[in-house]
Amino acid sequence: MEHSLVMIHVRFANDGSVQEVGERPAAASPQAWFNHLSRNSHNSYEPLSGGRGVFRLDPAAVQQMQAAFPPSP
């Protein structure tokens with residue numbers, strides 16, 4: 001059985017802030033979307049070399065997180 005995942009790529013600036021992140025809702029800054037994914041993805045982030053990283057998530061989970069942004073206070 002094939003299981004498909006969405007790969008959300010992240011690119012960091014030299015100061016460690018998030019410069020780009022995929023699947024980002026229009027209302028979200030790159031840093032805010034990265035924080036939201038980090039809090040809600042349960043260890044699906046993989047750091048890569050060169051100031052990059054990737055989240056590997058179920059497509060339904062990505063849609064749920066996009067719908068839940070901005071997060072409730």
Holding to side chain to side chain contact (heavy atoms under 4.5 Å, CB included), I want the full list of residues that pass it with Asn43, two or more places apart in sequence or in another chain. none
With sequence neighbours excluded, tell me which residues meet side chain to side chain contact (heavy atoms under 4.5 Å, CB included) with Arg52.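 Arg52 satisfies side chain to side chain contact (heavy atoms under 4.5 Å, CB included) with Leu48, Ser49 once adjacent residues are dropped.
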Can you list every pair that meets salt bridge (charged side-chain N to carboxylate O under 4.0 Å, His left out) and has a residue in residues 7-21, with sequence neighbours left out?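 Of all non-adjacent pairs touching residues 7-21, those that pass salt bridge (charged side-chain N to carboxylate O under 4.0 Å, His left out) are Arg11-Glu20.
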Minimal non-hydrogen separation, His36 against Asn40, with atom names: O-ND2, 2.7 Å
Residue pair Pro25 / Phe69: nearest heavy atoms and the distance that separates them: CG-CB, 4.3 Å
Go through the structure and list residues passing side chain to side chain donor-acceptor pair (under 3.5 Å) with [X], not counting sequence neighbours.
| X | value |
| --- | --- |
| Gln19 | none |
| Ser29 | none |
| Ser38 | none |

Distance in Å, Ile8 CD1 paired with Phe34 CZ, rounded so as to fall on 0.5 Å steps: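 Atom-to-atom, Ile8:CD1 and Phe34:CZ are 11.0 Å apart.
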May I have the list of side-chain donor-acceptor pairs in residues 53-66 shorter than 3.5 Å, sequence neighbours left out?
unit_1, atom_1, unit_2, atom_2, d
Arg56, NE, Glu46, OE1, 3.2
Arg56, NH2, Glu46, OE1, 3.0
Asp58, OD1, His3, NE2, 3.4
Gln66, NE2, Glu23, O, 2.9

Side-chain (Ser17) to main-chain (Ala13) donor-acceptor, under 3.5 angstrom: no
